[in-house]
Amino acid sequence: MDINQQKEQFSITYIRAIAAVAGYSLYRPEVDNDSVDLGIVSRGGTGKILSPRLELQLKCTAREISNENYIKYPLNLKNYNELKINALVPRILVVVLIPEKITDWIKQTEDELCLRYCAYPAFLTSLKCRGAEGQRGKNKAH
């Protein structure tokens with residue numbers, strides 16, 4: 001497995017761990033052609049909406065992306081546009097921040113299992129793109 005595949009698998013596992021503890025189910029589309037890597041489902045519920053869903057586009061990086069007020073992550077313009085649409089099931093971007101060294105991503109002892117570092121969710125429907133640029137043949141949104 002190359003490093004990008006390892007990052008993808010780690011970010012999926014990170015979300016799976018959080019969803020399991022929260023009591024949610026996950027689903028994974030057969031083909032990722034709509035900027036959706038995972039979906040989260042809650043069974044039942046109360047009020048007007050039952051069995052709510054949320055779809056996620058996962059990204060995993062070791063670069064510095066945050067400060068006190070916001071996160072900054074270069075996203076392909078295709079992904080940005082597909083996450084901004086008014087879809088029936090809401091979509092969010094989740095950026096999983098990891099250490100540079102792969103050996104620091106996880107710590108396991110008899111007392112704990114620690115996945116490092118954290119994940120930042122972002123609803124792009126309410127955010128404005130800070131700029132777009134061509135980069136290696138791919139358009140990026142910031």
Side-chain angles (χ1 to χ4, degrees), residues 1-45 47-109 111-142:
M1 212 183 299
D2 70 25
I3 189 68
N4 289 324
Q5 292 168 323
Q6 288 175 290
K7 286 179 178 180
E8 177 184 5
Q9 292 304 310
F10 184 84
S11 63
I12 290 169
T13 299
Y14 189 98
I15 298 301
R16 284 190 184 280
I18 292 169
V21 171
Y24 298 127
S25 298
L26 294 178
Y27 62 90
R28 190 167 184 187
E30 292 282 331
V31 178
D32 176 13
N33 63 356
D34 204 20
S35 297
V36 174
D37 294 314
L38 286 178
I40 300 175
V41 181
S42 176
R43 186 170 186 270
K48 294 181 180 182
I49 299 177
L50 301 178
S51 298
R53 294 173 182 251
L54 181 65
E55 294 184 328
L56 314 175
Q57 167 72 188
L58 303 177
K59 298 296 181 185
C60 189
T61 185
R63 77 178 80 185
E64 184 59 42
I65 61 169
S66 65
N67 73 17
E68 293 178 15
N69 300 316
Y70 62 90
I71 63 169
K72 181 179 178 180
Y73 182 81
L75 186 64
N76 286 336
L77 204 50
K78 173 195 177 291
N79 295 132
Y80 175 80
N81 289 331
E82 290 176 348
L83 291 170
K84 272 190 76 78
I85 65 170
N86 186 19
L88 178 63
V89 177
R91 297 176 179 182
I92 64 171
L93 171 67
V94 177
V95 181
V96 177
L97 184 60
I98 55 172
E100 283 284 338
K101 288 176 50 181
I102 194 168
T103 54
D104 293 337
W105 292 6
I106 188 170
K107 176 184 172 187
Q108 180 185 1
T109 67
D111 297 323
E112 71 178 350
L113 172 63
C114 178
L115 304 177
R116 296 180 59 208
Y117 288 121
C118 63
Y120 295 97
F123 282 90
L124 300 186
T125 54
S126 61
L127 298 177
K128 295 201 186 275
C129 178
R130 292 181 55 109
E133 62 185 47
Q135 188 176 36
R136 285 186 240 146
K138 293 183 179 179
N139 289 324
K140 300 277 184 182
H142 299 276

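The structure presented is a predicted model; accordingly, all values stated were derived computationally and were not measured.
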Give the C-alpha distance, both sets of side-chain angles, the deciding distance and a yes or no for side-chain contact (heavy atoms from CB on, under 4.5 Å) between Leu56 and Val36. CA-CA 5 Å; Leu56 314 175; Val36 174; over 6 Å; no
Taking the side chain as every heavy atom from C-beta outward, state whether Val95 and Ile65 have any atom pair closer than 4.5 Å. yes
Take atom CG of Asn4 as the centre, draw a 6.0 Å sphere, and report whether it contains more than 12 heavy atoms from other residues, nucleotides or ligands. yes
Rounded distance [0.5 Å steps], OH in Tyr73 versus CG in Leu97: 11.0 Å
To the nearest 0.5 Å, what is the distance between CD1 (Ile18) and CD1 (Ile40)? 8.5 Å
For a quick test of reading the model, state the closest non-hydrogen atom pair linking Leu93 to Lys59 and the distance between them. CD1-CG, 3.7 Å
Any side-chain heavy-atom pair of Val94 and Ile15 under 4.5 Å: yes
Is atom CG of Leu88 surrounded by more than 12 heavy atoms (other residues, nucleotides or ligands) closer than 6.0 Å? no
Would the distance check show the side chain of Glu112 and the main-chain N or O of Thr109 forming a donor-acceptor pair, the cut-off being under 3.5 Å? no
Less than 4.5 Å apart, side chain to side chain, heavy atoms only: is that true for Leu54 and Val41? no
Could you check whether any side-chain heavy atom of Pro74 comes within less than 4.5 Å of a side-chain heavy atom of Arg63, counting everything from C-beta outward? yes
Flag the pair Ile102 / Ile3 as yes when at least one side-chain heavy-atom distance between them is below 4.5 Å, and no otherwise. yes
Please enumerate all residues that pass ring-ring contact (aromatic ring centres under 6.0 Å, His included) together with Phe10, with sequence neighbours excluded. Trp105
Any non-hydrogen side-chain atom of Cys60 less than 4.5 Å from a side-chain atom of Tyr14? no
Closest non-hydrogen atom pair between Gly44 and Pro52, with its separation: O-CD, 3.9 Å
Holding to side-chain contact (heavy atoms from CB on, under 4.5 Å), I want the full list of residues that pass it with Lys48, two or more places apart in sequence or in another chain. none
Could you tell me if the side chain of Ile12 sits less than 4.5 Å from the side chain of Leu38, heavy atoms only? yes
Is there a donor-acceptor pair under 3.5 Å between the side chain of Lys107 and the backbone N or O of Cys114? no
Please, which pairs that meet side chain to side chain donor-acceptor pair (under 3.5 Å) have at least one residue in residues 23-41, sequence neighbours excluded? Glu8-Arg28, Tyr27-Glu55, Asp34-Arg91, Ser35-Asn79, Ser35-Glu82, Asp37-Gln57
I'd like to know whether CD of Gln5 has more than 12 heavy-atom contacts from other residues, nucleotides or ligands below 6.0 angstrom. yes
Check the surroundings of atom CZ in Arg16: do more than 12 heavy atoms from other residues, nucleotides or ligands lie under 6.0 Å from it? no
Between atom CG of Leu58 and atom CD of Gln9, what is the distance when rounded to the nearest 0.5 Å? 10.5 Å
Give, for atom NZ of Lys7 and atom OG1 of Thr61, the distance between the pair rounded to the nearest 0.5 Å. 5.5 Å
